[in-house]
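Notes follow once the structure below has been shown.
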Amino acid sequence: MIKFLFSIFLFFAIIPVRSQEMDKLYYILGYYWDFSIPLDYEGNLESRKMGFQMNGSKIGNIYRFSEVTGFKFKKTRAEKDCLNCHQFYRFVKIPTYYKNSNFYDFRYVKIRENYYGFGEQEVEKQQGFFKPEIFKNVTQLQMKSFLAGAYVDSGTIKGDTVKIEFHQAVNQKITLIKNFINALGGTKYLKVLPNERDGEIYGPTLVFLPNKELLDLFKNEENRINELSNGMKNE
């Protein structure tokens, strides 16, 4: 079934966006959350559609993600149990094709954690990994699109140095990104800096000096993000 879906999707997935061709699906996968670390996710992940939201402080990133994916977005409202919800924008009307189970294999794992006052307890958490066929015979365009999506999620650039922050301590996405960078010509310098912040949602930072082709890829994303952000400020 998934091969059938891919054959249909690939017919219109590759699109030119501001002089830089992108594979829409792999751009989304590069941006999307990495489920490879077991966490207390709400509900059954396998049955859910992908969900996307960004803080309003990253308005350029919001418009860039919408530009590539075609997804519409709206501002969320404050709620009693979520005082900062009004600061976020949520992407809406995501097609049913983007169901988690089309792209990830999920499982429940039992791990032992220390709970204050209760000692060590066994808890069950969900964990997910990309389906192997997603990256089988992956093309250069798909790899570049994945990297661009990851950059829009949490990347920055200064001069020729690119940094991408990760949400988790050890994850599948950082391995994929390093593999794709190497497959696309490598870097002059690449290092993973450990996380120095508290909390399980914070992970390491990947710092690297990409080759010219990849540097142009990330600069294009950054320039377009800034263009869209400045355009909104001038309206």
Side-chain angles (χ1 to χ4, degrees), residues 17 20 22-37 39 41 50-69 71 73 76 84-85 87-91 98 100 103-104 128-130 135 142-182 184 187 189-210 214-229 232:
V17 182
Q20 182 161 259
M22 285 291 170
D23 185 298
K24 175 179 173 179
L25 172 60
Y26 285 82
Y27 192 92
I28 290 169
L29 295 178
Y31 169 83
Y32 196 42
W33 182 260
D34 184 352
F35 298 106
S36 60
I37 280 279
L39 290 176
Y41 299 104
M50 291 181 172
F52 312 95
Q53 70 173 18
M54 295 188 201
N55 192 288
S57 63
K58 301 178 72 175
I59 195 67
N61 300 63
I62 293 169
Y63 274 89
R64 177 57 177 168
F65 188 76
S66 178
E67 183 177 61
V68 175
T69 64
F71 298 159
F73 57 88
T76 56
N84 69 334
C85 279
Q87 299 174 3
F88 288 84
Y89 287 80
R90 185 175 73 252
F91 290 83
Y98 296 99
N100 282 336
F103 311 103
Y104 299 87
F129 294 91
F130 285 113
F135 297 108
Q142 289 168 342
M143 289 188 283
K144 289 178 181 178
S145 300
F146 189 95
L147 293 175
Y151 182 85
V152 167
D153 174 33
S154 55
T156 56
I157 187 169
K158 186 175 182 180
D160 293 343
T161 302
V162 177
K163 294 182 180 180
I164 299 178
E165 294 185 350
F166 294 87
H167 302 297
Q168 302 163 4
V170 179
N171 55 62
Q172 187 181 24
K173 187 183 284 189
I174 192 170
T175 301
L176 285 167
I177 288 174
K178 289 195 295 184
N179 289 344
F180 290 167
I181 288 172
N182 290 329
L184 293 168
T187 66
Y189 172 87
L190 186 149
K191 188 172 183 179
V192 179
L193 303 179
N195 168 48
E196 296 181 351
R197 297 170 294 181
D198 294 329
E200 63 180 1
I201 66 167
Y202 296 115
T205 299
L206 183 65
V207 182
F208 56 101
L209 293 170
L214 285 180
L215 183 61
D216 289 344
L217 172 81
F218 294 118
K219 281 186 174 180
N220 184 84
E221 287 303 303
E222 183 66 23
N223 291 338
R224 187 58 185 150
I225 288 168
N226 290 335
E227 285 176 6
L228 291 166
S229 179
M232 288 303 300

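Counting only heavy atoms from C-beta outward, the side chains of M22 and L217 approach each other to under 4.5 Å. Side-chain contact between F129 and Y104: absent, with no pair of heavy atoms (C-beta onward) separated by less than 4.5 Å. Under the 4.5 Å side-chain criterion, counting only non-hydrogen atoms from C-beta, W33 is not in contact with D153. In this structure, F103 and M50 have side chains that are in contact, with non-hydrogen atoms separated by less than 4.5 Å. Between F52 and T69 there is no side-chain heavy-atom pair separated by less than 4.5 Å. Counting heavy atoms from C-beta outward, I174 and D34 have side chains that stay 4.5 Å or more apart. Considering only heavy atoms from C-beta on, L214 stays 4.5 Å or farther from V162 through its side chain. By the 4.5 Å heavy-atom criterion applied to side chains, L193 and K163 are not counted as neighbours.
Contact between F88 and Q53 at its shortest, heavy atoms only, is CD2-NE2, 4.0 Å. Of all heavy-atom pairs spanning I62 and G56, the tightest one is CD1-CA, 4.2 Å.
Few gaps surround NZ on K58; more than 12 heavy atoms of other groups in view lie less than 6.0 Å from it.
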Should N179 and F135 be marked as a side-chain contact (heavy atoms from CB on, under 4.5 Å) after you check the CA-CA gap, both sets of side-chain angles, and the distance that decides it? CA-CA 11 Å; N179 289 344; F135 297 108; over 6 Å; no
side-chain contact (heavy atoms from CB on, under 4.5 Å) assessment of I181 paired with L206: CA-CA 11 Å; I181 288 172; L206 183 65; 4.3 Å; yes
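Between F73 and Y89, the ring planes lie perpendicular to each other; the angle is over 60°, past the 30° to 60° tilted range.
A search for salt bridge (charged side-chain N to carboxylate O under 4.0 Å, His left out) contacts involving K144 returns E213, not counting sequence neighbours. For Y31, the side chain to side chain donor-acceptor pair (under 3.5 Å) test picks out no residue, with sequence neighbours left out.
The OG1 atom of T187 lies 6.5 Å from the CG atom of N182; values are rounded to the nearest 0.5 Å. The CG atom of L215 lies 9.5 Å from the CZ atom of F208; values are rounded to the nearest 0.5 Å. Between the CD atom of E67 and the CD atom of E227 there is a distance of 8.5 Å, given to the nearest 0.5 Å. Here the CD1-CD distance, from I177 to Q172, works out to 11.0 Å after rounding to the nearest 0.5 Å. Within the model, atoms CZ of R224 and OH of Y63 stand 11.5 Å from one another, a figure rounded to the nearest 0.5 Å.
Y32 and N100 share a donor-acceptor pair across their side chains, judged by distance under 3.5 Å alone.
With hydrogens and angles ignored, the 3.5 Å screen pairs no side-chain donor or acceptor of N84 with any backbone N or O of Q87. Not one N or O on the side chain of T76 forms a donor-acceptor pair closer than 3.5 Å with the backbone of R90. The main-chain N or O of V152 is found under 3.5 Å from a side-chain atom of N61 such that the two form a donor-acceptor pair. Of the possible polar contacts, one joining the K173 side chain to the G30 backbone as a donor-acceptor pair under 3.5 Å is found.
Checked for salt-bridge contact, K219 and E222 miss the test: no charged N lies under 4.0 Å from a carboxylate O.
Ring centers of F91 and Y98: at least 6.0 Å apart, outside the cut-off.
Each of F218, F146, Y27 was scored for a ring-ring contact (aromatic ring centres under 6.0 Å, His included) with Y151, with one residue passing: F218.
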